[in-house]
Amino acid sequence: MLVSAKEMLNKAKAGKYAVGQFNINNLEWTKAILLTAQELNSPVILGVSEGAGKYMCGYNTIVGMVNGMIETLGITVPVALHLDHGSYDGAYAAMNAGFSSVMFDGSHYAIDENIAKTKQIIADAEAKGVSVEAEVGAIGGEEDGVVGSGEVADPAECKMIADLGVTMLAAGIGNIHGKYPENWAGLNFDVLAKIQEQTGTMPLVLHGGTGIPEEMIKKAISLGVSKINVNTECQLTFAAATRKYIEEGKDLQGKGFDPRKLLAPGVDAIKATVKEKMELFGSVGKA
Ligand code: 13P
C-alpha cells in the first residue's frame, strides 16, 4: 500500500539519515527501484515529474502500475508516490488520481502567492492524508525544459512556508538539477544551517542529488536534509549500460532483440545506482 512521505521523513530527520526519491520513467525503472528498496529494507519515494507523468500515460496509469507492483512483488517497505515539481493544477490531478505525496513548486511565484497556493494545497492534501513538499528558492538546472538559475533560499522565507504546515521543504542552497558544471561553487552550508535553525524539525529536501560529492551529501544530512532526489544519475547509468549492450552487438545475436533482454543491463545498472545511494543516504534497514 502506498503511504504518505510524512512518517518516513520524520523518522529520517530524527535518525539523521535521508530517504531517497528516485524518479521513474517507465515500468522497468519502477520495478528496479521497488525491488532494491525491498531487498535493502529501505523506505523509498518514487518521484514523477509532470513530463514523465504524461509519458507514462497519466497519473491514473502510474497509480495503477505502482499499486499493482507493490501487491504482485510483495513489497512491504514504505513506498510514497510523489509528484515532483508539480504545478498547482498538477498537484490536484495527482492527488485525485491517488498519489500519496505531492510537491507544489511555487518557487517562481512571488512569496505571497506561493504562500496562498501552498496553504490551499495543504488544506486539501491533509484531508486525503497526502504529504506536501514546498519549494523556496528555485533549484537551478533543467527540469522538464524549465531552466532555473540555482538561487539560494532566504531562511526567513523558508520559515514562513514551513510554518504553513508543509510536510517537507525544498530550499535552494546552490544545488542544481542535472550535471554540475566544472566551476560549481558547491552547496551553501551556512545557509543550510540557518534554514535548519529556522525550521527546526521540518524535514529538508535536497534536489539535484546527481553528482554531489559524498562528503557534501553526508554534511547536508547532518544539517537536517532528510530527503534527497536523484534522477539524472539513474538516466546516465541506464543509458550507458544499454548503449554498451548494443555496441557489443549482443542485441543482434540470439534473442538480443527481445526488449526484456535488451533492457536488462540498464535495469541492473539502475538497481546498482539505487543501492549505492541508499547506502550513502543511510536508509538501508530503516523500513
Ligand atoms: P538530478 O536529476 O540532478 O538527480 O535531480 C533530481 C531532482 O532533484 C528531481 O526533482
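In each ligand, atom 1 is the first atom listed, and ligand 1 is the first ligand listed.
- Neither the backbone nor the side chain of Gln235 comes within 4.0 Å of ligand 1, counting heavy atoms alone.
- Every atom of ligand 1 with a heavy atom of Thr232 under 4.0 Å away is listed here by number and element: 1 (P), 2 (O), 3 (O), 4 (O).
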Donor-acceptor pairs under 3.5 angstrom involving side-chain atoms of residues 216-226: please list them, not counting sequence neighbours.
| residue | atom | partner | partner atom | Å |
| --- | --- | --- | --- | --- |
| Ser222 | OG | Lys219 | O | 2.7 |

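- Residues Lys277 and Glu233 are paired through a salt bridge, judged by an N-O separation under 4.0 Å between the basic side chain and the carboxylate.
- Below 4.0 Å from some heavy atom of His85 lie the following atoms of ligand 1, by number and element: 10 (O).
- Taking only nitrogen or oxygen atoms, main chain and side chain alike, Val230 does not reach within less than 3.5 Å of ligand 1.
- Judged by the shortest distance from any of its heavy atoms, Gly209 lies inside the 4.0 Å radius around the atoms of ligand 1.
- A 4.5 Å side-chain heavy-atom check between Ile121 and Tyr92 finds at least one atom pair inside the cut-off.
- Among the atoms of Asn231, some N or O lies under 3.5 angstrom from an N or O of ligand 1.
- Between the side chains of His207 and Asn175, no donor-acceptor pair is found at a separation under 3.5 Å.
- Counting heavy atoms from C-beta on, the side chains of Trp184 and Ile212 come closer than 4.5 Å.
- Residue Gly208 holds the heavy atom nearest to atom 5 (O) of ligand 1 of all those in Ala170, Cys234, Gly208.
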field: Working for salt bridge (charged side-chain N to carboxylate O under 4.0 Å, His left out), residues Lys128 and Asp124
entry: CA-CA 7 Å; Lys128 287 178 180 284; Asp124 295 321; over 6 Å; no
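- Per-residue contacts place Gly178 under 4.0 angstrom from the following atoms of ligand 1 (heavy atoms of the residue considered): 1 (P), 2 (O), 3 (O).
- How far CD1 of Ile33 is from CE of Met69: 9.5 Å, rounded to the nearest 0.5 Å.
- Residue contacts with ligand 1: His207 is placed with a nitrogen or oxygen under 3.5 Å of a nitrogen or oxygen of the ligand (distance criterion only).
- Considering backbone and side-chain atoms alike, Thr210 places an N or O below 3.5 Å from some N or O of ligand 1.
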